There are 2 protein chains.
Amino acid sequence: MASRRFDPDRRDRIIAAALDVIAAQGVAGASHRKIAEQAGVPLGSMTYHFANMDELLTEAFRRFGNSIADRFDQELGEATDVDGARLAVVDLIHLDLLDSQRDLVLTHELYTLAARKPVFRQITRDWMARNRRALGLHFDPETCRMLDALIEGLFIHAALDTEPHHRATTVEAVARITTPYHRPARTAH
Amino acid sequence: MASRRFDPDRRDRIIAAALDVIAAQGVAGASHRKIAEQAGVPLGSMTYHFANMDELLTEAFRRFGNSIADRFDQELGEATDVDGARLAVVDLIHLDLLDSQRDLVLTHELYTLAARKPVFRQITRDWMARNRRALGLHFDPETCRMLDALIEGLFIHAALDTEPHHRATTVEAVARITTPYHRPARTAH
DNA sequence: CGGCCATGCGTACGATCGTACACATCGGTG
DNA sequence: CACCGATGTGTACGATCGTACGCATGGCCG
């Protein structure tokens with residue numbers, strides 16, 4: 001039998017399994033028992049490595065948020081001008097995120113928790129702050145807020161629409177939201 | 001004692017209670033027992049009036065979606081031009097929706113269910129379709145999609161941000177997303 | 001006026017949950 | 001080599017859940 005000594009991978013495996021179960025069954029369906037089975041560890045390990053369910057969920061969602069934010073940092077860090085940044089945003093939405101039903105589901109689950117429990121709200125805020133910082137390399141703060149909101153909204157629609165989103169629509173939407181509005185000159189009246 | 005004969009209000013009261021409990025405790029915390037207590041009906045009434053939990057949730061969220069969509073119809077129906085419609089959208093976001101933590105929480109809960117179960121996805125789609133139809137009175141279809149997405153995103157941010165959203169930011173964001181993008185003329189190079 | 005049946009309810013059952021905790025295991029230490 | 005404490009696990013308990021179902025109730029029909 002494998003050594004009974006401390007196994008540093010054990011914690012990680014449980015966290016990964018937690019995200020898998022949440023993606024498949026939702027937070028509501030994520031029990032210690034199911035996660036333990038998915039991770040291939042005994043039930044007793046759950047309370048040994050994590051004081052309670054909230055601690056496990058907290059760590060899991062923090063890891064999830066960071067993994068998404070890493071992609072923001074990477075894509076946007078490579079952009080060299082505003083147009084490149086716009087393109088990076090479009091790619092982030094289309095390539096990395098919309099294709100992955102898993103990420104969408106996890107995002108929804110996190111938001112739902114965040115709307116109710118302060119701990120998860122903080123995780124979400126940290127995540128959003130990271131995203132905005134990445135966007136802030138190329139856009140002014142107010143635009144970052146709008147752009148961030150638009151990205152969130154496009155997420156949601158992608159999760160629920162039957163028909164796939166057209167990339168052209170995303171391109172146009174990103175272009176619009178990053179372009180300051182100039183009130184048109186009034187014609188005489 | 002009150003009559004044992006059929007009470008048509010009973011169903012409605014249960015549905016209203018269900019939304020109250022979901023708003024307060026989330027779908028995860030909404031049990032037959034809690035809803036029954038909130039509605040002031042015995043536990044046995046729950047399975048009498050609703051075949052199972054999903055049927056109750058379905059009816060509750062359908063009612064919720066319709067109540068929000070009604071406000072969209074009303075506000076946008078009163079607008080007479082595009083600027084009026086833009087203002088209506090801003091008002092919808094700020095007056096009716098952002099102030100109400102309850103609506104935000106319910107929206108998140110519905111989306112989370114919708115991401116997983118087809119029944120609730122259909123409810124969400126119907127709701128979105130109603131909203132888009134209302135927006136369609138004043139904007140072209142592509143703009144409706146973008147605007148709808150932006151509204152969703154602003155919702156989410158409102159639920160999670162500590163600081164309140166500035167109305168001016170919303171006004172600017174709505175103006176931008178409803179203004180077609182014109183590629184700027186290139187300077188010589 | 002007496003019985004019947006639609007309406008509505010109290011209760012109990014089996015499943016599942018989070019968590020606690022006694023106990024097994026075994027590398028390191030003296 | 002003996003034992004001790006760190007590491008990890010099996011199991012059981014109390015709470016809560018959705019749901020089923022037998023039974024109480026009382027208007028209505030004959």
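What you see below is based on every heavy atom in this structure, not just the backbone, and it leaves out hydrogens, waters and symmetry mates. Order of the sequence lines sets the chain letters (A, B, ...), proteins ahead of strands, with each chain counted from 1. Computed from a predicted model, the values in this text were never measured in an experiment.
Side-chain atoms of A/H32 lie closest to C/dT19 of the nucleotides D/dT7, C/dA12, C/dT19. Listed candidates were D/dG8, D/dT19, C/dT19. Nearest to the side chain of A/R33 is C/dT19. Here the nucleotide nearest the side chain of B/T47, chosen from D/dC21, C/dA12, C/dA20, is D/dC21. For A/S45, taking side-chain heavy atoms from C-beta onward, the closest of the listed nucleotides D/dC17, C/dT19, D/dT9 is D/dT9. Among the nucleotides C/dC9, C/dC17, D/dT7, the one closest to the side chain of B/P42 is C/dC9. Ranking D/dT19, C/dA20, C/dG18 by closeness to the B/N52 side chain, first place goes to D/dT19.
Atom CZ in A/F50 sits about 13 Å away from atom P in D/dG8, given to the nearest Å. As rounded to whole Å, 19 Å separates atom C1' of D/dG18 from atom OH of B/Y48. A straight line from CD1 of A/I14 to P of C/dG18 spans 14 Å, rounded to a whole angstrom.
Across all strands, B/A36 comes closer than 4.0 Å to no nucleic acid atom at all (heavy-atom distances). Counting any heavy atom pair closer than 4.0 Å across all strands shown, B/A51 reaches no nucleic acid atom.
Salt-bridge check for B/R33 with B/E37: failed, with every basic side-chain N at 4.0 Å or more from each acidic carboxylate O. A salt bridge is defined here as a Lys NZ or Arg NE, NH1 or NH2 lying under 4.0 Å from an Asp or Glu carboxylate O, and A/R125 with B/D161 fails to meet this definition. Between B/R13 and B/D20 there is no salt bridge, since no side-chain nitrogen of the basic residue lies less than 4.0 Å from a carboxylate oxygen of the acidic one.
A donor-acceptor contact under 3.5 Å is not formed by the side chain of A/R10 with the base of D/dG8.
DNA chain C is contacted by both B/V41 and A/G44; B/V41 maps to the nucleotide lying nearer its 5′ end (nearest heavy atom per residue).
Counting heavy-atom neighbours within 6.0 Å of A/E142 CD, excluding the residue itself, gives a total above 12.
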